[in-house]
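Values in this document were obtained by computation on a predicted structure and should not be read as measured data. In what follows, chains are A, B, ... by sequence order, proteins preceding strands, each numbered from 1. Side-chain atoms are counted along with the backbone in the values below, which use heavy atoms only and exclude waters and symmetry mates.
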Amino acid sequence: MTPADLSQAVQAAVSSAVEAGELAVTVPEHVAVDRPKNRDHGDYATNVALQLAKAAGKPPRAVAEVLAERLRGITGVAKVDIAGPGFLNITLDTATAGALARTIVEAGEAYGRNEALQGLKINLEFVSANPTGPIHIGGVRWAAVGDSLARVLRASGADVTTEYYLNDAGVQITKFAASLQAAANGREVPEGGYVGEYIVDIAKAITDVVPGLLDRSEDEQLQVFRTEGLKLMVAEIQRSMDEFGTHFDVWFSEKSLHDSGAVEQATTRLREQGHVFEQDGAVFLRTTDFGDDKDRVLIKADGDTTYFAADAAYYLSKRDRGTEVALYMLGADHHGYVNRLKAIAACAGDDMNHNIEVKIGQFVKMLRDGEEVRMSKRAGNIITIDDVVEWIGVDAARYTLARSSTDSTITLDINVLTSQTNENPVYYVQYAHTRMCGVARKAAELGVDKGTAEQFKPELLATTWENDILGALGEFPRVLATAGELREPHRVARYLEDLAGTYHRLYENCMFLPKGDEEMTDTHRARLWLVEATRTVMANGLTLLGVSAPERM
RNA sequence: GCGCUCAUAGCUCAACGGAUAGAGCACUUGACUACGGAUCAAGAGGUUGCAGGUUCGAAUCCUGCUGAGCGCACCA
């Protein structure tokens, strides 16, 4: 029995109590059934009596009494206690709890999937760093979190398109091109330009590919450096993302919005919605109608379109392509954009509380020798995605960056990253998985296995450690659903750490295989089912984080 | 000045409004002639920044204060 099953059963109990006239309340849509931290509180606990007490006009414990009697009648429920202010503590019979192992093994990779977001078309945009340099540590965080979030959302049934917005138009690209040109000609990088080894490398790559380039006019050179530089830089970013295991379904070009006329059309479309006005020769969008602190310019007095106009066109493009929810992941330095982006949606006639979501993530702070490393492109001390991968590898990097809430700034110690990588909890989790694989290998050596489903006797999974891990395994689908609904993939990582610890304790206390000349027993077989179930969940969880589930370490 | 986010163990971080606030690392002490010890057990470590409020119940929600990061362009 899964927690979801039990929740429904409790809900049904409330229903039947209402029908019998024992409770005068409306049946709640969802009944919370929790795995209590304290073992003495049973396998599962529900606060439903506390929630309904006021509406029922009875003390919580009296409501609990009514429900307890009905819950005791549910098949698989061994015991129901009323505790504290009115909690209902439910204990399952061992066979019912243990049967979950078989359910999981049979579901395999599908276990954990749920339909919380079934059919929802989500466009998830993340990283979107300017193609004027390598991805730095902040961008790496969004790559890890965003890619994992995409996987989590899909596991909840959402139809997700991942997207990288390439700011390949505008003055930053011109500065980038000018920097390349300067480097190729051995000149100083212009004011506000880009510096760094990569500039020199790319410049050289371009002059290698385009012979005689430096003999052409300055203007011609600049054009070549712009197009070729952009091409190479984007390819470089794509390579980094690819190596990082982060996949984007769409690489969306800002320039294409301008070239196709989509930016002008966006202004027209917004004007038709009645939120566009002109003032001082410029064209504005009245975003203040929807919570922005000032109206935003779409077309400047000199006739040029703004970056904001492209943002509007881009949003409309996402919607035109069938997106129901446009989900943006932005860094903390862009939080000021939230209101104006949401206002775009509202001005377009959309629901700004549903069709657009903006998730703001805090920065990554780097520490070296106990001191904060202030990164600046000019000083050339940027920590790039390739640096991090080189130090600790993709698995550890992704895990480290994805295991924390994006609401909190995280601090990474470079000394730790480059040396004592054992401090990374990912190894604790992965090691648990290798131990499960080790059990399977050992079983094969001994020539034994878990047997058929018919031979599986779930009632033999009776120790406290087995009960603990069954409880943890049952939580996986709801952890996933919550992570998807809240857009918080770090919950998956935390869950896996908890599961790994629970497994390590089981491993210490329960033998899965016969030792010496002992016989293989039904208990061994039942435990092999449990180990396989745990391995399945661990592997499924690691996959959601884009982290490998190794058989050996 | 206005706004967004944050403040939890020595450090890095968790905790859909639930019961005694949890892990990892670091520290102390133990555990392998059994499935891989990258493990486990025990100990120590907290006024959840401060003060009020909401309620059966607050780290969580509301208000104020303090402190930190970031943002407030006809820039991109």
Side-chain angles (χ1 to χ4, degrees), chain A residues 30 32 34 36-38 40-41 45 47 50-51 53-54 59-61 83-87 89 130 167 169-175 254 279-284 293-294 296-302 304 306-308 310 331-339 360-363 365 367 400 403-413 416 420-425 427-428 430-432 434-443 445-446 478-479 481-482 485-486 488 490-491 493-495 497-498 500-501 503-505 507-516 518 524 527-528 531 552-553:
Chain A
H30 296 290
D34 287 328
K37 282 173 253 178
N38 189 331
D40 297 337
H41 296 151
N47 63 355
L50 292 160
Q51 304 280 11
K54 186 170 278 181
R61 288 189 71 102
F87 289 103
N89 294 335
N130 278 354
N167 300 118
V171 303
Q172 292 308 316
I173 297 299
T174 303
K175 286 180 181 171
E254 179 198 350
Q279 185 180 305
D280 303 330
V283 177
F284 285 74
D293 49 3
K294 61 186 69 168
R296 304 293 166 179
V297 174
L298 289 165
I299 303 172
K300 296 188 278 183
D302 65 9
D304 284 350
T306 61
Y307 190 88
F308 176 71
D333 53 339
H334 286 76
H335 73 253
Y337 296 24
V338 176
N339 286 342
I360 296 298
Q362 300 301 312
F363 290 144
K365 196 191 286 184
L367 229 56
T400 301
R403 73 185 284 270
S404 300
S405 160
T406 56
D407 281 341
S408 62
T409 55
I410 51 178
T411 305
L412 300 181
D413 188 325
V416 171
Q420 305 165 335
T421 54
N422 261 13
E423 289 192 16
N424 195 318
Y427 300 109
Y428 183 80
Q430 287 184 317
Y431 181 61
T434 67
R435 275 185 145 182
M436 299 169 209
C437 294
V439 170
R441 277 197 300 273
K442 185 72 178 179
E445 273 178 36
L446 295 174
R478 62 205 320 197
V479 168
T482 303
E485 281 168 14
L486 301 179
E488 294 184 346
H490 76 276
R491 289 169 183 277
R494 298 294 169 158
Y495 167 79
E497 289 170 32
D498 182 61
Y503 179 74
H504 283 311
R505 286 185 285 278
Y507 186 95
E508 293 290 325
N509 291 287
C510 294
M511 285 301 298
F512 306 136
L513 296 167
K515 58 181 173 180
E518 286 180 0
H524 291 130
R527 286 175 175 170
L528 288 182
V531 172
R552 300 170 193 273
M553 287 171 71

Donor-acceptor pair (no angle test) under 3.5 Å: A:N47 side chain, B:rG18 base: yes
Taken to the nearest whole Å, OH/A:Y307 to P/B:rA76 is 10 Å
### Task
For A:Q172, report the nucleic acid contact type (base, sugar-phosphate, nothing); a contact means any heavy atom under 4.0 Å.
sugar-phosphate
- Message: Quick one, A:T482 with A:R491, criterion side-chain contact (heavy atoms from CB on, under 4.5 Å). Give me CA distance, side-chain angles, the key distance, then yes/no.
- Response: CA-CA 8 Å; A:T482 303; A:R491 289 169 183 277; 4.0 Å; yes
Between B:rG24 and B:rC62, how far apart are the C1' atoms? Round to whole Å, please.
34 Å
Does a side-chain N or O from A:Y428 land closer than 4.0 Å to OP1 or OP2 of B:rC40, or not?
-> yes
**Report entry** Any donor-acceptor N/O pair under 3.5 Å between B:rA19 base and A:D40 side chain
**Finding:** no
request  = Would you mind classifying the nucleic acid contact of A:E445 as base, sugar-phosphate or nothing, using non-hydrogen atoms under 4.0 angstrom?
outcome  = nothing
A:R296 NZ/CZ over A:F308 ring centroid, <6.0 Å and within 45° of normal:
no
Closest to the 5' end of RNA chain B, once A:P36 and A:K442 are matched to their nearest nucleotides, is A:P36
(request) Ignoring hydrogens and angles, answer whether the base of B:rA23 and the side-chain atoms of A:Y495 contain a donor-acceptor pair closer than 3.5 Å. (result) no
From the candidates B:rC40, B:rC74, B:rG18, the one with an atom nearest any side-chain atom of A:E508 is B:rC40
In whole angstroms, the gap separating C1' of B:rC2 from NZ of A:K294 amounts to 10 Å
Regarding the side chain of A:H504, the nearest nucleotide among B:rC72, B:rC56, B:rU39 is B:rU39
Taken to the nearest whole Å, CG/A:N424 to P/B:rU12 is 16 Å
Discussion item. Once you apply a heavy-atom cut-off of 4.0 Å, does A:A32 come out as touching a base, just sugar-phosphate, or nothing?
Written reply: base
Between A:R441 and A:R552, the two heavy atoms sitting closest are CD-NH2, 3.2 Å
Exercise. Aromatic rings A:F512 and A:Y503: how do their planes relate, parallel, tilted or perpendicular, breaks at 30° and 60°?
Worked result: parallel
Picking from B:rA73, B:rG3, B:rA14, the nucleotide nearest the side-chain atoms of A:S404 would be B:rA14
Here the distance between atom P of B:rG37 and atom CG of A:N509, to the nearest Å, is 13 Å
Side-chain atoms of A:R435 come closest, of B:rG18, B:rG36, B:rU5, to B:rG36
Give me the distance, rounded to whole Å, that separates B:rU8 from B:rA51 when you measure between the P atoms they each carry.
16 Å
Does the ring of A:F87 meet both stacking tests against the six-membered base ring of B:rA19: centre distance under 5.5 Å and plane angle under 30°? yes
Pair of N/O donor and acceptor under 3.5 Å linking B:rG3 base with A:H335 side chain = yes
A:Y427 has its side chain closest, among B:rA38, B:rA19, B:rC72, to B:rA38
Practice task
Between B:rG10 and B:rU47, how far apart are the P atoms? Round to whole Å, please.
Solution key: 8 Å
With the side chain defined as heavy atoms from C-beta on, A:E423 is closest, among B:rC72, B:rC75, B:rC25, to B:rC25
Rounded to whole angstrom, note down the P distance from B:rA21 over to B:rA26. 25 Å
Quiz item: Expressed as a whole number of Å, how far does the C1' atom of B:rU39 sit from that of B:rC56?
Solution: 43 Å
_Does B:rG37 have OP1 or OP2 under 4.0 Å away from a side-chain N or O of A:Y507?_
yes
By nearest-nucleotide position on RNA chain B, the 5'-leaning member of A:T306 and A:D34 is A:D34
Testing B:rA19, B:rA41, B:rA76 for proximity to the side chain of A:K37, the answer is B:rA19
Quiz item: Between A:S405 and B:rA15, does any side-chain N or O lie under 4.0 Å from OP1 or OP2?
Solution: no
Regarding the side chain of A:N38, the nearest nucleotide among B:rC56, B:rU20, B:rA76 is B:rU20
Rounded to whole Å, the CD-P distance (A:Q362 to B:rG69) equals 12 Å
Here the distance between atom P of B:rG36 and atom CE of A:M436, to the nearest Å, is 13 Å
ask   = Between B:rC56 and A:K54, is there an OP1 or OP2 to side-chain N/O distance shorter than 4.0 Å?
value = yes
All heavy atoms of A:P60 vs all of A:P85, minimum pair found to be CB-O, 3.3 Å
For A:E254 and A:A310, the nearest pair of non-hydrogen atoms, with its separation, is OE2-CB, 4.1 Å
request  = Would you indicate whether the side-chain heavy atoms of A:V416 and A:N424 approach each other to under 4.5 Å?
outcome  = no
(Q) For B:rC75 and A:K300 - does any side-chain N or O of the residue sit under 4.0 Å from the phosphate oxygens OP1/OP2? (A) yes
A:H490 has its side chain closest, among B:rC72, B:rA15, B:rC74, to B:rA15
Whole-Å distance, A:K175 NZ to B:rC75 P, equals 13 Å
Testing B:rA38, B:rC74, B:rG71 for proximity to the side chain of A:M553, the answer is B:rA38
Writing each nucleotide of RNA chain B 5' to 3' as (, ), [, ], | or . by Watson-Crick or G-U pairing under 3.5 Å yields (((((((..((((....[...)))).(((((.......))))).....(((((..]....))))))))))))....
Phosphate-side-chain proximity, A:H41 and B:rG18, N/O vs OP1/OP2 below 4.0 Å: no
- Phosphate contact (B:rA15 OP1 or OP2) by A:R491 side-chain N/O below 4.0 Å: yes
A:L486 atom CG is separated from B:rA14 atom P, nearest whole Å, by 14 Å
